[in-house]
Structure formats: C-alpha cells, structure tokens
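What follows is a short report on a single structure.
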Amino acid sequence: MFANRYFPATRLRRMRRDDFSRRLMRENVLTSNDLIYPVFVLEGNNREQPVASMPGVVRQSLDKLLFTAEEALKLGVPMLSIFPVIETGKDNSGAEAYNPDGLVPTVVRELKARFPELGIMTDGALDPYTVHGQDGLLDAAGYVLNDETVAVLIKQALCHAEAGVDVFGPSDMMDGRIGAIRNALEEEGYIHTRILAYSAKYASAFYGPFRDAVGSAANLGKADKYSYQMDPANLDEAIQEVAMDLEEGADMVMIKPGMPYLDVIRRIKDTFKVPTYAYQVSGEYAMLKAAFQNGWLDEEKCMMESLLAFKRAGADGILTYFALDAARVLRRN
C-alpha cells in the first residue's frame with residue numbers, strides 16, 4: 001500500500017504547512033452535535049450546590065436546571081442526561097426509582113414541556129435510590145441480585161417512558177435487562193423510547209466524584225461493584241456484552257469510562273458499526289480540571305483535544321461535563 005511513498009518525493013509536512021491544507025485533510029471533526037451534557041438535579045426550589053470534587057459542576061433544583069437546559073439548547077447540545085440526588089425516600093428496595101411523582105419523572109415532564117426539541121436521557125440504575133449505594137437489590141449476604149433487580153429496572157423504565165423521556169440509559173450491568181426493558185416498553189406502546197445501553201461499563205476507580213455528586217459514596221462505603229461491572233483487564237468480554245445488548249434491542253451502546261478505554265471504543269465501533277458513545281467520567285473531568293487550575297495544562301486546548309480523541313477512537317458522541325464549555329468554544333471558532 002505504501003510502496004511508492006518515499007522521501008523526498010513524499011514530504012508529509014507539505015500538507016501540514018498551512019491551515020487550509022490541514023483543514024482539507026482533517027480526518028475527524030468535533031461539533032456540538034457530538035455532545036451530551038450530564039446534569040445533577042436536586043429536590044426543592046432555588047437550590048444550587050457546587051460539587052467540590054468537580055470544579056464548575058453544580059447540583060441544581062428543577063427551576064435552576066431550566067436555565068441550564070435553555071443554554072444547552074442555544075449552544076446546539078442535543079441532549080441532557082439526568083442524574084438525581086435523592087435526599088428522601090431511599091430504602092433497600094429502590095422503590096423511589098419508579099415513583100411517578102418522584103424527582104426524575106417530574107423533571108422529565110417539565111423539561112419536555114418547556115423544551116420539546118431537547119433530547120432527555122435518564123439513568124437506569126438503583127444506586128441513587130438505595131441506602132446501600134449498590135445498583136441493585138441485595139440478598140442476605142450482600143450480593144447484588146440480577147433478576148430481582150431487572151424487575152425493578154423495568155418499572156423504572158416504564159415510569160420514565162410515561163413521563164416522556166426520549167432515551168433510557170440502563171447503567172446497572174445486570175444480565176438480560178435490555179431485552180426485558182425493551183419487551184416491556186413495546187408491550188406498553190412506548191415504541192419510540194430509545195435505549196442507550198451502558199454495555200461496557202467497567203468497575204473503574206474513576207467514578208469517585210460522581211458518587212459524591214449523587215450522594216451514593218457514603219452509602220456505598222468500602223463496598224465495591226466488581227461482581228457486576230466489568231473487569232478493567234478485559235476487552236473480549238466487552239464485545240460479548242455489546243453483542244448481547246444489541247441482540248436484546250439496544251439502539252445505542254455506551255463505553256464507560258472514556259479516555260482509559262479508547263481501545264474498547266475502537267474495537268466496538270469496528271466490530272458492530274452501530275451508534276457508539278463514550279462517557280468522559282467524573283474522575284477524568286476532575287483530573288483535567290485540577291491540572292487546569294494549577295496552570296499545568298492549557299484548559300481550552302486540552303479539553304478540546306480530549307474530546308476529539310473520542311471521535312478519533314470511533315465514538316459517535318461523548319457524554320461529558322465539558323459539554324457546554326466545549327460548545328461555547330466550537331461556536332466561537
């Protein structure tokens with residue numbers, strides 16, 4: 001393929017010399033259409049709480065979140081992902097996850113009423129709603145039960161679909177939950193509700209600031225999620241997970257975390273050629289923000305480079321706490 005590409009007949013720097021030629025041969029381009037903005041919503045009104053471990057990120061009550069949603073829409077960000085901070089109603093059953101008058105359904109209904117053209121995604125997992133901070137129901141020994149958890153996730157998905165959510169994002173990593181949720185949505189007539197499956201979600205150490213933000217860190221304590229989230233050492237297993245979720249009815253798949261798993265993104269995109277997304281998780285964001293604040297890295301350039309890396313790896317979009325900042329840079333440029 002490269003037999004005739006020899007120096008000096010070929011000088012690769014020729015095409016790098018000027019801005020116009022660099023632009024002409026650019027292989028990947030980041031736009032605001034590639035961004036999903038995760039937001040943390042609080043109960044009550046007129047409330048904002050900064051997340052100490054995530055500089056620039058705040059928990060907001062619904063009335064405050066409406067301004068954020070309006071800004072995202074104006075900046076061309078296609079979708080928000082809603083993560084609740086549940087302060088009342090936590091128990092061992094996770095029943096608050098499917099309360100039709102609960103925080104998330106209320107937020108979804110109001111956002112869709114105010115901004116019908118803005119995509120809204122909700123998270124499918126029980127950790128914000130349980131006193132133990134695990135993503136599912138526990139047996140007497142503390143093991144996370146699979147099928148019993150899936151039964152609750154079905155109720156959660158139907159509750160959110162009834163509220164009008166556009167995308168349901170199961171992030172729990174229970175076996176068989178995508179098929180069960182898809183069948184339930186079809187049976188109830190929610191044929192347009194999309195499923196973005198967190199298919200390759202690793203048991204990562206990069207989730208710490210997120211757990212602080214939703215208030216599950218203290219509940220989880222020293223427990224871990226190794227029995228249901230993926231081993232960071234595994235790649236072939238991720239292929240199996242994605243294959244099963246697609247077979248069961250997922251419309252899109254997610255890899256989480258992001259930058260430490262760019263090889264997983266590329267492998268999945270090349271293998272399945274389906275809509276593939278990455279989550280630049282809280283720990284990634286916190287590390288970069290710390291370096292920015294210390295003056296060790298150029299904030300704008302490194303933020304944009306980190307997001308472009310996901311596109312180069314094959315991601316169709318990125319769920320990132322930088323979404324609004326990146327959209328502002330893209331609009332200015």
For this session: Look at the side-chain heavy atoms of Ile, Leu, Val, Met, Phe, Trp and Tyr, link any pair under 4.5 Å apart, and say whether V58 and L65 land in one connected group.
Result: no

Exercise. Where is the tightest heavy-atom contact between F310 and S306, given as atom of each residue plus distance?
Worked result: CD1-O, 3.2 Å

For this session: Quick one: list whatever passes salt bridge (Lys or Arg N to Asp or Glu O under 4.0 Å) with E110, sequence neighbours left out.
Result: R114

Exercise. If you group Ile, Leu, Val, Met, Phe, Trp and Tyr by side-chain heavy-atom gaps below 4.5 Å, do M259 and L308 land in one group?
Worked result: yes

For this session: Might you work through the salt bridge (Lys or Arg N to Asp or Glu O under 4.0 Å) test for R59 and E87, ending with a clear yes or no?
Result: CA-CA 12 Å; R59 309 176 190 93; E87 297 168 291; over 6 Å; no

For this session: Taking the side chain as every heavy atom from C-beta outward, state whether R109 and E162 have any pair of such atoms under 4.5 Å apart.
Result: yes

Problem set entry | Donor-acceptor contact below 3.5 Å, side chain E284 vs main chain V281 | yes

For this session: Could you give me the CA-CA distance, side-chain angles and deciding distance for D263 and R266, then say whether salt bridge (Lys or Arg N to Asp or Glu O under 4.0 Å) is met?
Result: CA-CA 5 Å; D263 59 323; R266 171 48 62 193; over 6 Å; no

For this session: May I ask you to check whether over 12 heavy atoms, not counting those of R17, lie within 6.0 Å of atom CZ?
Result: no

Exercise. Honestly curious: do I318 and V329 fall in one hydrophobic cluster under the side-chain, below-4.5 Å linking rule?
Worked result: yes

For this session: Treating Ile, Leu, Val, Met, Phe, Trp and Tyr as nodes and any side-chain heavy-atom pair under 4.5 angstrom as an edge, say whether V274 and M252 lie in one connected cluster.
Result: yes

Exercise. Can you tell me if CD on E247 sees more than 12 non-hydrogen neighbours from other groups inside 6.0 Å?
Worked result: no

Seminar exercise, completed: Hits for salt bridge (Lys or Arg N to Asp or Glu O under 4.0 Å) against R16, two or more places apart or cross-chain, chain-then-number order -> none

Exercise. Within a strict 4.5 Å, meaning less than it, do heavy atoms of the M230 and K201 side chains meet?
Worked result: no

Exercise. What residues form a side chain to side chain contact (heavy atoms under 4.5 Å, CB included) with V242, not counting sequence neighbours?
Worked result: S199, L246, V253, I268, F272

Problem set entry | Approximate separation, where rounding is to 0.5 Å, of D166 CG and E117 CD | 11.0 Å

For this session: To the nearest 0.5 angstrom, please state how far the CG atom of D245 sits from the CE atom of M254.
Result: 12.5 Å

Exercise. Are the side chain of N234 and the backbone of E237 linked by a donor-acceptor contact shorter than 3.5 Å?
Worked result: no

For this session: State, yes or no, whether a side-chain contact exists between I82 and V39 at a heavy-atom distance under 4.5 Å.
Result: yes

Problem set entry | Minimum heavy-atom distance between L262 and A313, given as atom pair plus value | O-CB, 3.8 Å

Exercise. What's the spacing between L80 CG and I120 CD1 if we round to 0.5 Å?
Worked result: 4.5 Å

Exercise. Should we count CE of M304 as having more than 12 external heavy atoms under 6.0 Å?
Worked result: yes

Exercise. Which residues pass the salt bridge (Lys or Arg N to Asp or Glu O under 4.0 Å) test with R13, sequence neighbours left out?
Worked result: none

Exercise. Under 4.5 Å between any side-chain heavy atoms of Q280 and Y321, yes or no?
Worked result: no

Exercise. Sequence neighbours excluded, which residues qualify as salt bridge (Lys or Arg N to Asp or Glu O under 4.0 Å) partners of K256?
Worked result: none

Exercise. Pick from I36, I255, I265, L319: which one makes a side-chain contact (heavy atoms from CB on, under 4.5 Å) with Y277?
Worked result: I36

For this session: Measure from the side-chain N and O atoms of R177 to the backbone N and O of P170, and report whether any donor-acceptor pair falls under 3.5 Å.
Result: yes

Problem set entry | side-chain contact (heavy atoms from CB on, under 4.5 Å) between E299 and Q293, intermediate numbers included | CA-CA 8 Å; E299 181 163 4; Q293 290 180 340; over 6 Å; no

Exercise. Can you check whether Q156 reaches D172 side chain to side chain, under 4.5 Å on heavy atoms?
Worked result: no

Exercise. Would L118 end up clustered with V77 when hydrophobic side chains under 4.5 Å apart are linked, directly or stepwise?
Worked result: yes

Problem set entry | Straight-line distance of H132 NE2 to D91 CG, nearest 0.5 Å | 8.5 Å

Exercise. Just by distance, do the side chain of N146 and the backbone of D175 share a donor-acceptor pair under 3.5 Å?
Worked result: yes

Exercise. Do the side chain of E71 and the main chain of L66 share a donor and acceptor less than 3.5 angstrom apart?
Worked result: no

Exercise. Is Y226 isolated, or which residues cluster with it under the ILVMFWY side-chain rule of less than 4.5 Å, directly or via members?
Worked result: none

Exercise. Can you tell me if E48 uses its side chain to pair, donor with acceptor, with the backbone of K64 under 3.5 Å?
Worked result: no

For this session: State whether the side chain of R194 and the backbone N or O of G169 hold a donor-acceptor pair below 3.5 Å, judged by distance alone.
Result: no

Exercise. Are there more than 12 heavy atoms of other residues, nucleotides or ligands under 6.0 Å from atom CD of E186?
Worked result: yes

Exercise. Can K311 and V29 be said to form a side-chain contact (heavy atoms from CB on, under 4.5 Å), step by step?
Worked result: CA-CA 7 Å; K311 295 292 292 181; V29 177; over 6 Å; no

Exercise. Rounded to the nearest 0.5 Å, how far apart are OG1 of T106 and CG of N99?
Worked result: 8.0 Å

Problem set entry | Nearest-0.5 Å distance that lies between atom CG in L153 and atom SG in C159 | 12.5 Å

Exercise. Looking only at heavy atoms, what is the nearest atom pair of A327 and L35, with distance?
Worked result: N-CD1, 4.0 Å

Exercise. Considering only heavy atoms from C-beta outward, does the side chain of V41 approach that of L103 to under 4.5 Å?
Worked result: yes

Problem set entry | F168 and H160 aromatic ring geometry - parallel, tilted or perpendicular at 30°/60° bounds | perpendicular

Exercise. Taking it one step at a time, do D63 and N46 satisfy side-chain contact (heavy atoms from CB on, under 4.5 Å)?
Worked result: CA-CA 6 Å; D63 55 323; N46 195 32; 3.9 Å; yes

For this session: Mark yes or no for whether S21, through its side chain, and M15, through its backbone, hold a donor-acceptor pair below 3.5 Å.
Result: yes

Exercise. For L137, does its backbone N or O pair with a side-chain atom of T149 as donor and acceptor, under 3.5 Å?
Worked result: yes

Seminar exercise, completed: Between K90 and T130, the two heavy atoms sitting closest are CD-O, 3.9 Å

Exercise. Any donor-acceptor pair under 3.5 Å linking the side chain of N183 with the backbone of A180?
Worked result: no

Exercise. What heavy-atom pair brings S204 and Q229 nearest, and what distance separates the two atoms?
Worked result: N-OE1, 4.3 Å

Exercise. Can you name the nearest heavy-atom pair linking V144 to G136, along with the distance?
Worked result: CG1-CA, 3.9 Å

For this session: Using a 4.5 Å cut-off on heavy atoms from C-beta on, say whether the side chain of L73 contacts that of E70.
Result: no

Problem set entry | Pairwise side-chain contact, L196 with D251, heavy-atom cut-off 4.5 Å (strictly under) | no

For this session: Show your working on side-chain contact (heavy atoms from CB on, under 4.5 Å) between L288 and M303 and close with a plain yes or no.
Result: CA-CA 8 Å; L288 288 170; M303 172 181 69; over 6 Å; no

